[in-house]
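Positions are given from 1, in the same order as the sequence printed here.
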Amino acid sequence: TISNTDPKPHTVTVKAGGDSADVTIQPDAAAEPACQSGCTVVLENGEQFELKGDEEASIEGGTLFVDAVPSAQ
């Protein structure tokens with residue numbers, strides 16, 4: 001799950017396997033992009049993050065923060 005705490009929408013690109021999808025997350029909203037078995041999330045500024053798929057993340061100030069990693073517990 002990726003939530004957006006910024007006052008403007010953000011579009012992220014989610015790459016999983018050979019697939020790639022753009023996901024727009026509105027302000028104060030959340031999205032659950034297809035990332036069950038791992039993916040790469042690319043922000044608008046080009047930053048890339050490797051995710052396992054079960055993380056809870058948020059976009060704050062245009063930066064992605066991982067808030068929780070259930071598989072690490």
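Going from atom OG of S3 over to atom CG of L64 covers 9.0 Å, rounded to the nearest 0.5 Å. The CD atom of E47 sits 5.5 Å away from atom OG1 of T63, with the distance rounded to the nearest 0.5 Å. The distance from the CD1 atom of I2 to the CD atom of E56 is 11.5 Å, given to the nearest 0.5 Å. Rounding to the nearest 0.5 angstrom, the gap separating the SG atom in C39 from the CD atom in E50 is 8.0 Å.
Looking only at distances, a side-chain donor or acceptor of D6 sits under 3.5 Å from a matching main-chain atom of G61.
Considering only heavy atoms from C-beta on, V66 comes within 4.5 Å of L51 through its side chain. The closest side-chain heavy-atom distance from I59 to V12 is below 4.5 Å. Side-chain contact between P7 and P27 is absent, with no heavy-atom pair separated by less than 4.5 Å. Side-chain contact check for K15 versus V42: some heavy-atom pair is nearer than 4.5 Å.
Annotation for A34 and A16: closest pair O-CB, 4.1 Å, computed over non-hydrogen atoms. S20 and T13 make their closest contact through OG-CG2, 3.3 Å (heavy atoms, listed as atom of the first residue, atom of the second, distance). Residues D67 and A57 share a closest heavy-atom pair of OD2-C, 3.5 Å.
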Decide side-chain contact (heavy atoms from CB on, under 4.5 Å) for V23 and V41; before the verdict, give the C-alpha distance in whole Å, the side-chain angles of both, and the deciding distance to 0.1 Å. CA-CA 10 Å; V23 177; V41 175; over 6 Å; no

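D22 and T11 share no side-chain donor-acceptor pair at under 3.5 Å.
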